[in-house]
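We number each residue from 1, following the sequence as shown.
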Amino acid sequence: MRQTKERESNCRLAVDIEGLAAMLSCGQMTARKIAEDAGARINIGRRVLYSVQKVEKYLEAIAE
């Protein structure tokens with residue numbers, strides 16, 4: 001299997017679980033729970049990504 005290259009970007013549409021956990025400053029299990037509650041999971045073949053926009057929208061809604 002080929003390794004995914006890391007590319008620098010200021011505007012990310014979707015991230016993997018490690019990127020999401022880093023963005024949220026929490027562990028992978030907590031990040032996965034937040035993404036599940038937000039409905040942000042994106043499956044592309046065997047790869048799983050999470051929509052940053054949906055997670056941000058969910059966090060704004062529960063913060064109020």
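- When the side chain to side chain donor-acceptor pair (under 3.5 Å) test is applied to Lys54, no partner is found at least two apart in sequence or on another chain.
- Qualifying side chain to side chain donor-acceptor pair (under 3.5 Å) partners for Asp16, counting only residues two or more places apart in sequence or in other chains: none.
- Between Leu20 and Ala35, the closest heavy-atom pair is CD2-CB, 3.8 Å.
- For the pair Arg32 and Tyr50, the tightest heavy-atom approach, listed with the atom from each and the gap, is NE-OH, 3.9 Å.
- The number of heavy-atom neighbours closer than 6.0 Å to CD of Gln28, taken from other residues, nucleotides and ligands shown, is above 12.
- Residue Leu24 comes nearest to Val55 through the heavy atom pair CD2-CG1, 4.3 Å, listed as atom of the first residue, atom of the second, then distance.
- In this structure, CD1 in Ile42 is found 11.0 Å from CZ in Arg47, a value given to the nearest 0.5 Å.
- Here Tyr58 contributes atom OH and Glu36 contributes atom CD; the two are 10.0 Å apart, rounded to the nearest 0.5 Å.
- In terms of heavy atoms, Cys26 sits closest to Ala31 at SG-N, 3.7 Å.
- In terms of hydrophobic clustering, with Ile, Leu, Val, Met, Phe, Trp and Tyr side chains grouped at heavy-atom distances under 4.5 Å, Ile17 and Leu49 are assigned to different clusters.
- No continuous path of hydrophobic side-chain contacts links Val52 to Ile44 [ILVMFWY only; heavy atoms under 4.5 Å].
- Summarising the geometry, atom CG belonging to Leu59 is positioned 5.5 Å from atom CD1 belonging to Ile34; distances are rounded to the nearest 0.5 Å.
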